[in-house]
Number of protein chains: 2
Amino acid sequence: MSQSATRVHAELRGEILGGRCAPGARLREEEVAERFGVSRTPVREALRRLEADGLVVVTPRRGAEVVRWRDDDIAELVELRALLEGHAARRAAIGGDLDLVALGDLCTRMEAHAADVDGRAADEITRLNMELHRAVHRAAGRLLPDLLVRLIDVPVVRRTFHTYTEAELRRSFGQHRELVEALAAGDGDWAAAVMQAHIRAAGATLRSTRDPGGR
Amino acid sequence: MSQSATRVHAELRGEILGGRCAPGARLREEEVAERFGVSRTPVREALRRLEADGLVVVTPRRGAEVVRWRDDDIAELVELRALLEGHAARRAAIGGDLDLVALGDLCTRMEAHAADVDGRAADEITRLNMELHRAVHRAAGRLLPDLLVRLIDVPVVRRTFHTYTEAELRRSFGQHRELVEALAAGDGDWAAAVMQAHIRAAGATLRSTRDPGGR
DNA sequence: CTCCCCTGCTCTGTGTACAAGCTAAGGAAG
DNA sequence: CTTCCTTAGCTTGTACACAGAGCAGGGGAG
C-alpha cells in the first residue's frame, strides 16, 4: 500500500513473530510512531493490517495489543493447517503448474543447513521452508494463499526449527523430498497425505517442546 | 473499531454483497467520504477492512476497486467452503457446545418462508441460514470463524436463495434438519458429510444459474 | 475507615492540509 | 502522420491538530 505503513507493518510483524514483542503487550500508536519516526497515520494502517493478519487484537477505545495464544489455539491451528495445506498439496499435484526444479532446489538448500541447526541456519531454514510451502499454495489456487496467511507464520512457528532435533529435521526434509516426488507424479492423494503427516509431525514436535510432560 | 469507520465499512460491505456496486468499480476515497458525510480518514480504514475481507483490491497508488470474481474463483470458493465447513460440522458434533434447540428453531423459521421465495423472504432466509452456519462455526473453534468470513458472504451468495427452485429449497432445509440431527447424535462423520453435501449442492445450483448451458 | 464521586490525564477517533506519484492529454519534433 | 516528451490534473499517502471517551487517582462524605 503505502511506503511507511508497509514498512511499519513488516517491522512490527517481524518483532511479533520473533517473540521480541511479549504477548499481551499494548502497542500505543504514538509510541510506535515515534519509534519508527513516522506519524500516527501510517501506524494506524499498519496496526489494522496486523489485526487482519490475526497478530494483534484491537479493542474500540483501548488500542491494539499483541494476541495471546492459548494451547487450544495452537492445536486448532495445527488441525486447520493440516486440512488446508493437505488440500493445497492435492490441488497442486493434480492441476497446479509449479516449478518442480525450483522446489527440488529449495530442498537441496535446506538440507545443506542440516548440520548446523544451532547457528543462524534455523532462520534460513525457516525462510526456505516457508518459500516451499508458499509455492505449493500458489499452485493450488488464488484464494487459498490469503487464507493461509493467518495460519502459517504464527509466533510459535518462528521458533520451530530452533527446537528441532537433528532426527526431526531429517524427517522434515525427507517429507519435503517425498512431497516433491508426489507432486511430480501428479498423485493428489499421496501429496495430501505427505503434507498432512508433515504438518502433524511439526505439531507434535511443537507440543512436546512447549509441554514436555505431555498433556 | 470506530463509529464512522465501522458504519462506512458495514454500508459498503452491504452494497458490494448486494450487487449495488459493480465488480471492478473504483471506490475513490473522497467520493465515498462525501457520500457518507465523513472525512477520508474513516473511509480509508473502512476500505482496508474491506480489503481484509477480500471484497476489494487496493493497489498502492491507485486506490480500491471492487473485486472481480472469475468462474474459477467461484469453484475454488465452493471447494474451500465444503472443506472448512465440513470440518467445522465435525468438530461441532464431537466437542463443540451448541444450543440445539436454537438451531432447530432457526430451521423452523426458515421453513416458514418456504412457500413465498419470490418476495422479501429470500433475504430473511439468507440471514437465518447464515446465522445457523455461523453457530456451527463458533462451536467448532476460535480461529475457524475468522477464516470463513472471507468465504461465506461472497457476492454470489447474496443472490443464492433468490434463484432457488422450491425443490432445491426443500432439499436445503432438509439438509439443515439432518445436520442438526447429526450434531445432536454427536456423529462427526455424519455431520461433516451432510455439510459437504449441503455446500456442494448449493455450488451446483449456483453454477447452473450462472451458466445455464453447463460447462 | 471505606466507598463514591469528581477531576484530570491519556489515548484513540476524526478532520484537515500538504506533498508526492501516477495518468493522461496536448504539443512539438522527426 | 506518428511518436515522444512535457505538463497539468487528479488521487492517494502522510503529517498534524482537535475532540471525545475511558481510566486512574485523589478528595470528600457517610
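Here is how names work: the chains are called A, B, and so on, in the same order as the sequence lines, proteins then strands, and each is numbered from 1.
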Item to check | Inter-axis angle, terminal five-pair segments of the helix from C:dC1-D:dG30 to C:dG30-D:dC1 [nearest 10°] | outcome: 10°

Item to check | Non-neighbouring partners of A:Arg28 that pass side-chain contact (heavy atoms from CB on, under 4.5 Å), sequence neighbours left out | outcome: A:Glu31

Looking at the side chain of [X], which of [options] is the nearest nucleotide?
{"X": "B:Arg61", "options": "C:dT12, D:dT11, C:dC22", "answer": "C:dC22"}
{"X": "A:Ser4", "options": "D:dT11, D:dT14, C:dT14", "answer": "D:dT14"}
{"X": "A:Arg40", "options": "C:dG13, C:dA17, D:dT11", "answer": "C:dG13"}

Next on the checklist: If you assign B:Thr41 and B:Glu29 each to the DNA chain D nucleotide with the nearest heavy atom, which residue ends up on the more 5' nucleotide?
Outcome noted: B:Glu29

Between [N] atom [atom2] and [X] atom [atom1], what is the distance in whole Å?
{"X": "A:Gln3", "N": "D:dA15", "atom1": "CD", "atom2": "C1'", "result": "15 Å"}
{"X": "B:Phe36", "N": "C:dT14", "atom1": "CZ", "atom2": "C1'", "result": "16 Å"}
{"X": "A:Leu47", "N": "C:dT12", "atom1": "CG", "atom2": "P", "result": "9 Å"}
{"X": "A:Glu51", "N": "C:dT12", "atom1": "CD", "atom2": "P", "result": "14 Å"}
{"X": "A:Arg26", "N": "C:dT10", "atom1": "CZ", "atom2": "P", "result": "13 Å"}
{"X": "A:Glu30", "N": "C:dC9", "atom1": "CD", "atom2": "C1'", "result": "13 Å"}
{"X": "A:Leu27", "N": "C:dC11", "atom1": "CG", "atom2": "P", "result": "13 Å"}
{"X": "A:Glu65", "N": "D:dG22", "atom1": "CD", "atom2": "P", "result": "17 Å"}

Side chains of [X] and [Y] only: does a donor on one sit below 3.5 Å from an acceptor on the other?
{"X": "A:Gln3", "Y": "A:Arg7", "answer": "no"}
{"X": "A:Ser39", "Y": "A:Arg44", "answer": "no"}
{"X": "B:Glu79", "Y": "A:His87", "answer": "no"}

Next on the checklist: Quick check against the 3.5 Å criterion: does B:Arg26 have a side-chain atom that pairs as donor or acceptor with the backbone of B:Arg62?
Outcome noted: yes

Item to check | Exam field: side chain A:Arg109 to backbone A:Glu124, donor-acceptor pair closer than 3.5 Å | outcome: no

Next on the checklist: OP1 or OP2 of C:dG13 versus the side-chain N and O atoms of A:Arg44: is any pair under 4.0 Å?
Outcome noted: yes

Next on the checklist: Is there a side-chain contact between B:Ser39 and the phosphate of C:dT14, meaning an N or O under 4.0 Å from OP1 or OP2?
Outcome noted: no

Side-chain donor-acceptor contacts of residues 88-98 of chain A below 3.5 Å, not counting sequence neighbours, with atom names and distances?
from    : atom 1 : to       : atom 2 : distance (Å)
A:Arg90 : NE     : A:Asp189 : OD1    : 3.4
A:Arg90 : NH2    : A:Asp189 : OD1    : 3.0

